[in-house]
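Counting starts at 1 for both ligands and their atoms, following the listed order.
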Amino acid sequence: MKQRKQKSTFKLKKKKNHRMRINMLFIVAFSFLVSVRSLPMKPTLNYDSIFNFGDSLSDTGNFLISGDVDSPNIGRPPYGQTFFNRSTGRCSDGRLIIDFIAEASGLPYIPPYLQSVRTNNSVDFKRGANFAVAGATANEFSFFKERGLSVTLLTNKTLDIQLGWFKKLKPSLCKTKPECEQYFRKSLFLVGEIGGNDYNYPLLAFRSFKHAMDLVPFVINKIMNVTSALIEEGAVTLMVPGNLPIGCSAVLLERFNDNSGWLYDSRNQCYKPLNNLAKLHNDKLKKGLAALREKYPHAKIMYADYYSSAMQFFNSPSKYGFTGSVLKACCGGGDGRYNAKPSVRCGEKGSTTCENPSTYANWDGIHLTEAAYRHIATGLISGRFTMPSYNNN
Ligand SMILES: *[C@@H]1O[C@H](CO)[C@@H](O)[C@H](O)[C@H]1NC(C)=O
Ligand SMILES: *[C@@H]1O[C@H](CO)[C@@H](O)[C@H](O)[C@H]1NC(C)=O
């Protein structure tokens, strides 16, 4: 994207004697820059297949197919309006981070695993499968119940269930150990983001911060356990994303709507206690991954820094094209400071959508817009926000 931009300004400079030509070129260049936002990413990554585990940040259709919730709002317009022109089950107006990573690898969009159930096993997963399910937690339902949390989870398709699906699919991908080694050598395993919902459920059910903070070690343990299991199944290149700055999330800002100004970060108006929870999770995750690198020296284990990448646009919205809003949801019922009251949600009767979602970071209160996901994906693909950054394998 950057290269193309430079090229068009170069063209402009060369022809600066011809006023008319300049004006024409400017118009051409300008419309080109606008359309660049929706162009697919140039393939720069070298993966032959991608296997993804997680929640709504990366679900490309499993939750919708599962039917766990009857006719959910994410299955209706305006979901998908920016890119797919229909609701695909992605919780956004368009593509997700995983879609941009697939594009950058020259791969088709990764099909949701449950599509095989619906279509009688006719889906080809050789170039990857997506096991992520919107609403999924790292921990089981019983884990929350033991802690007195009586909310109903949107789905029971936890990280362990998703791992089970992968194990079930594996024999159709490769048979013998050497064959699998060969095959997985060029596979990327994305483990997450997952765990965000383990905090969202209790926080939205008015549990204390202490309660949420106390869950962190259990969430990290689960992620470590499944990441290890995947390595033992043959994964060699893994990317494990941390949590987003949830203190900048419209639905949580609405829930914690607080008059204590000192609890808000003066740089971005995000809610500091929530961001501290995300930071705690991320610090523990990074430590856990460092331990896994020691245990499995042959594996390339990357941490994906969603937090810092997203913080760029929360701190300097207009610098990154977010001239609408970064804290207020683009789509919602119109109520409250953040357009994220649970009474009317995006896709439900009475909700409205902002005119230009590409100038908003938050799509529906909980999830981000395609523009925001593109920003984060670009940071990961360049290697700037992955640690270590052995991206271009
Ligand atoms: C999840 O599991 C619990 C306990 O088995 C059950 O009560 C609940 O209905 C399940 N939820 C969904 C969405 O399947
Ligand atoms: C993950 O946890 C399960 C249950 O505690 C355990 O049986 C299994 O050995 C663990 N797997 C790895 C790879 O650590």
(request) Kindly indicate whether the side chain of His367, heavy atoms from C-beta on, has any atom under 4.5 Å from the side chain of Ser56. (result) yes

(request) With a 4.0 angstrom cut-off on heavy atoms, strictly below it, pick out the residues next to ligand 2 and order them by chain and number. (result) Asn225, Ser228, Ala229, Glu232

(message) For residues 211-250, which residue pairs pass the ring-ring contact (aromatic ring centres under 6.0 Å, His included) check, not counting sequence neighbours?
(response) Phe143-Phe218

(request) Fit a plane to each ring of His375 and Phe313, take the angle between them on a 0 to 90° scale, and name the class: parallel (under 30°), tilted (30 to 60°) or perpendicular (over 60°). (result) perpendicular

(message) Just so I know, are the side chains of Ser343 and Glu348 near enough to count as touching, which here means a heavy-atom distance under 4.5 Å?
(response) no

(request) Report yes or no: is the SG-SG distance between Cys331 and Cys354 under 2.5 Å? (result) no

(request) For residues Thr369 and Asn362, determine if any side-chain heavy atom of one lies less than 4.5 Å from a side-chain heavy atom of the other. (result) no

